[in-house]
Amino acid sequence: MPRIRILPENISNKIAAGEVVERPASVVKELVENALDARSTRITIDIKNGGRSLIQVADNGTGMNRDDALLALERYATSKITSDRDLFAIRTLGFRGEALPSIASVSRFTLITRDADSGTGTRIIVTGGRLDKVTDTGAPVGTLITIQQLFFNTPARRKFLKTVSTELGHIADGVAAMAMGHPSVRVRLRHNGKILKDWPAVGNPVDRVIDILGRDIQHRLYPLSATDNGIQLSGWIGSPDIFRSTPRGTYLYVNGRMVRDRVIRHALFSGYAGRLMKGRHPLAVLFVTVPYDEVDVNVHPTKHEVRFARPPAVHHLIATTVADTLKQNERPVWQAMPRRPAPEKVAETPPVFEPARSSSRPPAPAPSPAAAPVPSQTAGKRPAPDDFAPPHRPGPIRPPAQPPLIKETAAHRLRMIGQFKGTYILCEFVGESGVELVIVDQHAAHERIVFEELKKKYHGGKGPVQRLIIPETIELNFTEATILDRIRPDLARLGLEIAPFGQNTFIVKAVPALLGGSETAPLIREILEKTAEIGADPRPDHPLAQSLDDCLILMACHSALRARQKISEAEQRALLDQLMACDNPAHCPHGRPTWIRWTVAALEKSFGRIS
Ligand SMILES: Nc1ncnc2c1ncn2[C@@H]1O[C@H](COP(=O)(O)OP(=O)(O)O)[C@@H](O)[C@H]1O
Ligand SMILES: [Mg+2]
């Protein structure tokens, strides 16, 4: 008797279902994707009991005739690709031809569909993968798929289902993400007969974004768009103060498909570097468009992951565009000022702010992380986000703001009120839109100034380098060695000098003095791992640049002006001037804000003068 056999289709379908149908939300995803591929303009999703008892998706798309409907339930039956060339230029959301048979193999499944050429509709009932009944039925053009008792014949799977609210949460998140990518489609989601979401078709994508993310944040969403090397990026990113604590507020799309992609996610975080504290996630909706043949979507059965042909190019475009967009939007107060001559009283040569401690301190060795003080003045005491004055701008849809007009003299437009608790500099700012109270955290501000100074030195290749008396050897595997060879010159520019030592062995000859006497092997391995993962070129978002930045942050923190340190008025002014000259004046290197602003309206609200 032969020991190897081809599995019957009902078993192979169940195996496929194991990958494709993880939970009710995956069924919803597959069905809605099919509806979108069928060019529907209205999709309604009905759920009962978190999807355990019922999942129903109705669409007004092209529908199918009887033959196609029967074929659609066969494994590997698809209308979306015909040749292997198509496989590398996928334009639809589906293409594997396995969703319908997989779902039908683990549920009680009913399909009702009609296309425009058929006088009557078709109803097909499949129970646990067994074709039960095929009949004619009256039906509008479009498709209605009903799934009852998901996993009724796979009790092991059923056991893994979570509570109704958890499963419903996954469904709602998935539907929202798909709706975000298709604003011209009306999408409705009902649970136990009650409408949960009802997004009307909109002409302007931002309206869908706001419908989903909430109207309250619309003024803190910055539009972005850029094209480079045939790669396009568009979307919106949130001001760093409307962060989330999970990645659920990050919506990423590649050629219209919602993905969880590490390259894009990493690039997004690189763009926010220095603006978000650890563990926080930005709010972002990013649409990346690449030529169809430059992205492989056939990487995973759920099609959540993609592989780019040129990850570094994608990474670079996103990281730089996000960083630029944040930068341009961070000086709303100062940018709002009309261009006019600086007030006469301003000193021609403003005093340079040099607190004794920063200049007398040698640049190395770096202090150990344990010694880093935890600045406490802002942590946990920030006013609720609502109390912050929103930037004054008409709406989120507009081209990115111009570069600041009056960068260097901006601080002079602030009237200083004085120092509060030796820690904050209070200022009055009269902008076009009224008076604001601006509170600058002097420690955070000075940290930013020192950090950017240090960074210029190091990234310009002028940072102190420490030659190792006993060179450190490092043993790598083949892949790591190949990558290291490629990026060695760039690492050398940053002060990390590594030479080949036969086979896959290397020796470390010199390190940036900032890294101190710590072992470099773990750092190098991390750099190689990250480079392999994102394929990033040694650009500002390079992992070595980032670990150097971490050291610089520590140094900046140590040499920066403390809280509770009285400084003269001239010094306060110089501090503000230097802060304004920074690349990223709005945040300290840890990502905390350097200033907060209160409009008179916000103050009056706090005093109950206006509601
Ligand atoms: N809602 C729908 N409207 C029209 N046709 C559909 C719909 N759902 C599925 N189909 C047809 O059934 C085929 C099989 O669907 P599916 O198993 O999801 O595979 P895939 O989407 O990968 O092609 C699709 O290629 C499509 O032709
Ligand atoms: Mg499909």
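In listed order, ligands and their atoms are each counted from 1. Heavy atoms only: backbone and side chains are in, while hydrogens, waters and symmetry mates are out. Positions are given from 1, in the same order as the sequence printed here.
- Atom 17 (O) of ligand 1 has as its closest protein heavy atom L100 N, 2.9 Å.
- Counting atoms of ligand 1 from 1 in the listed order, those under 4.0 Å from a heavy atom of G94 are 21 (O), 22 (O).
- Classification of R186 and D198 as a salt-bridged pair holds, one side-chain N sitting under 4.0 Å from a carboxylate O.
- Remark: minimum distance from atom 2 (C) of ligand 1 to any protein heavy atom is reached at T143 OG1, 3.6 Å.
- Between S40, A104, A72, it is A72 that holds the heavy atom closest to atom 13 (C) of ligand 1.
- No N or O atom of A38 sits closer than 3.5 Å to an N or O atom of ligand 1.
- For atom 20 (P) of ligand 1, the closest heavy atom belonging to the protein is G97 N, 3.6 Å.
- Looking at L31 next to ligand 1, no N or O pair under 3.5 Å apart turns up.
- With a 4.0 Å cut-off on non-hydrogen atoms, D59 touches ligand 1 through its side chain and not its backbone.
- The distance criterion of under 3.5 Å between nitrogen or oxygen atoms is met by F95 with respect to ligand 1.
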Could you go through residues 104-112 and list every donor-acceptor pair under 3.5 Å that involves a side-chain atom there, pairing it with any protein atom two or more places apart or in another chain?
residue, atom, partner, partner atom, Å
S105, OG, S102, O, 2.7
S107, OG, I103, O, 2.9
R108, NE, Q149, OE1, 2.5

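- Residue contacts with ligand 1 include A77, since one or more of its heavy atoms lies under 4.0 Å from the ligand.
- Between P301 and V20 the shortest heavy-atom distance is CB-CG2, 4.2 Å.
- Looking at ligand 1, you won't find any N or O of T62 less than 3.5 Å from one of its N or O atoms.
- Checking N329 against R220 by side-chain atom types alone, no donor-acceptor pair falls below 3.5 Å.
- I90 and L87 make their closest contact through CG1-O, 3.4 Å (heavy atoms, listed as atom of the first residue, atom of the second, distance).
- Annotation: atom 18 (O) of ligand 1 to nearest protein heavy atom, N34 ND2, 2.8 Å.
- Taking only nitrogen or oxygen atoms, main chain and side chain alike, K80 reaches within less than 3.5 Å of ligand 1.
- Closest non-hydrogen pair, L276 versus P240, comes out as CD2-O, 3.8 Å.
- For the Mg ion (ligand 2), the set of protein N/O/S atoms nearer than 2.8 Å consists of N34 OD1, ordered by chain and number.
- A salt bridge does not link K327 with D324: every distance from a Lys NZ or Arg NE/NH1/NH2 to an Asp or Glu carboxylate oxygen is 4.0 Å or more.
- At least one test fails for R158 against the ring of F151: distance under 6.0 Å to the centre or angle within 45° of the axis.
- Between R75 and E98, the shortest heavy-atom contact is NH2-OE1, 3.4 Å.
- You'll find the side chain of N255 reaches within 4.5 Å of the side chain of V290, heavy atoms only.
- Annotation: side chain of L233 is not in contact with side chain of T227 (no heavy-atom distance under 4.5 Å).
- Using a 3.5 Å distance cut-off with no hydrogens or angles, the side chains of T143 and T113 do pair a donor with an acceptor.
- The closest approach between any non-hydrogen atom of E30 and ligand 1 is not below 4.0 Å.
- Within the listing of ligand 1, atoms 17 (O), 18 (O) sit less than 4.0 angstrom from a heavy atom of A99.
- Of all protein heavy atoms, the one lying nearest to atom 25 (O) of ligand 1 is S79 N, 3.0 Å.
- In this structure, the protein non-hydrogen atom closest to atom 6 (C) of ligand 1 is M64 CE, 3.4 Å.
- Under 4.0 angstrom from ligand 1, the non-hydrogen atoms of E98 all belong to its backbone.
- A salt bridge between K303 and E30 is present, with a side-chain N of the basic residue lying under 4.0 Å from a carboxylate O of the acidic one.
- Within the listing of ligand 1, atoms 22 (O) sit less than 4.0 angstrom from a heavy atom of R96.
- Across every non-hydrogen atom of H281 and T246, the tightest pair is CB-O, 3.3 Å.
- Using a 4.0 Å cut-off between heavy atoms, T78 contacts ligand 1 through both its backbone and its side chain.
- No side-chain N or O of S79 forms a donor-acceptor pair with one of D68 less than 3.5 Å apart.
- Checked against the 6.0 Å centroid criterion, the rings of H315 and F308 do not qualify as a close aromatic pair.
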